[in-house]
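Comments concern the structure below.
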Amino acid sequence: MNSFKENIYKIVKEIPRGRTITYKEVARLVGRPNAWRAVGNVLNGNKDSNIPCHRVIRSDGKIGGYNKGARKKRSLLEKEGVL
DNA sequence: CGTATGACGTGCA
DNA sequence: GTGCACGCCATAC
């Protein structure tokens, strides 16, 4: 179970509360610094609430998107102290 | 197996 | 400074 997808889940799960990272950073951590494209794709298919995928934002500092709604994602980040 | 898509990123006008 | 278009990887169908 060491697929690209599994790696992303692991990385995102390792993100400490109050800390956010960009899709590019995640891709780099999984060993595919040029696959940030697929990173967002995998997270998109992620329906596991156990994964704080809401802590993964764009490189522009924007929220990006979220399965439950980008608006909710922004709310969660603010609640964690990520302004 | 092959094609198309997507929670993106960067470059250029 | 803002907007548009292209390119990229992996997954899903």
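Throughout, protein chains are lettered first and strands after them, A, B, ... in sequence-line order, and every chain is numbered starting at 1. Computation of the quantities below employed the complete heavy-atom set of this structure, encompassing side-chain atoms and omitting hydrogens, waters and symmetry-equivalent molecules.
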> Is Ile11(A) reachable from Leu76(A) through a run of hydrophobic residues whose side-chain heavy atoms are each under 4.5 Å from the next?
Replying inline: no
> Which heavy-atom pair separates Lys13(A) from Ile51(A) by the least distance, and what is that distance?
Replying inline: CG-CG1, 3.8 Å
>> Tell me the closest heavy-atom pair linking Asn7(A) and Asn2(A), and the distance in Å.
In response: ND2-O, 4.2 Å
Check whether any side-chain N or O of [X] sits under 3.5 Å from a backbone N or O of [Y] as a donor-acceptor pair, and report yes or no.
{"X": "Lys73(A)", "Y": "Gly65(A)", "value": "yes"}
{"X": "Asn67(A)", "Y": "Leu43(A)", "value": "yes"}
{"X": "Arg58(A)", "Y": "Thr22(A)", "value": "no"}

Whole-Å gap separating [atom2] ([N]) and [atom1] ([X]):
{"X": "Arg32(A)", "N": "dG9(B)", "atom1": "CZ", "atom2": "P", "result": "19 Å"}
{"X": "Lys62(A)", "N": "dG9(B)", "atom1": "NZ", "atom2": "C1'", "result": "13 Å"}
{"X": "Asn44(A)", "N": "dA12(C)", "atom1": "CG", "atom2": "C1'", "result": "11 Å"}
{"X": "Leu43(A)", "N": "dA12(C)", "atom1": "CG", "atom2": "P", "result": "12 Å"}
{"X": "Lys47(A)", "N": "dT11(C)", "atom1": "NZ", "atom2": "C1'", "result": "13 Å"}

>> Between Glu80(A) and Arg55(A) (salt bridge meaning N to carboxylate O under 4.0 Å), is one present in this structure?
In response: yes
> Between Arg74(A) and Glu78(A), is there a salt bridge with N-O shorter than 4.0 Å?
Replying inline: yes
>> Would you say Arg58(A) places a side-chain N or O within less than 4.0 Å of OP1 or OP2 belonging to dA7(B)?
In response: no
>> At 4.0 Å (heavy atoms only), tell me whether Ala38(A) reaches a base, stays on the sugar-phosphate, or touches nothing.
In response: base
> 5'-most contact on DNA chain C: Asn41(A) or Trp36(A), nearest heavy atom basis?
Replying inline: Trp36(A)
>> Of the listed nucleotides (dG6(B), dA7(B), dA12(C)), which one gets closest to any side-chain atom of Lys5(A)?
In response: dA12(C)
> What do you reckon, is CG of Asp60(A) surrounded by more than 12 foreign heavy atoms closer than 6.0 Å?
Replying inline: yes
> Residues from residues 6-26 of chain A sitting under 4.0 Å of DNA chain B, heavy atoms only?
Replying inline: Tyr23(A), Lys24(A)
> Which of residues 67-78 of chain A sit near DNA chain B, with a heavy atom under 4.0 Å from it?
Replying inline: Asn67(A), Lys73(A)
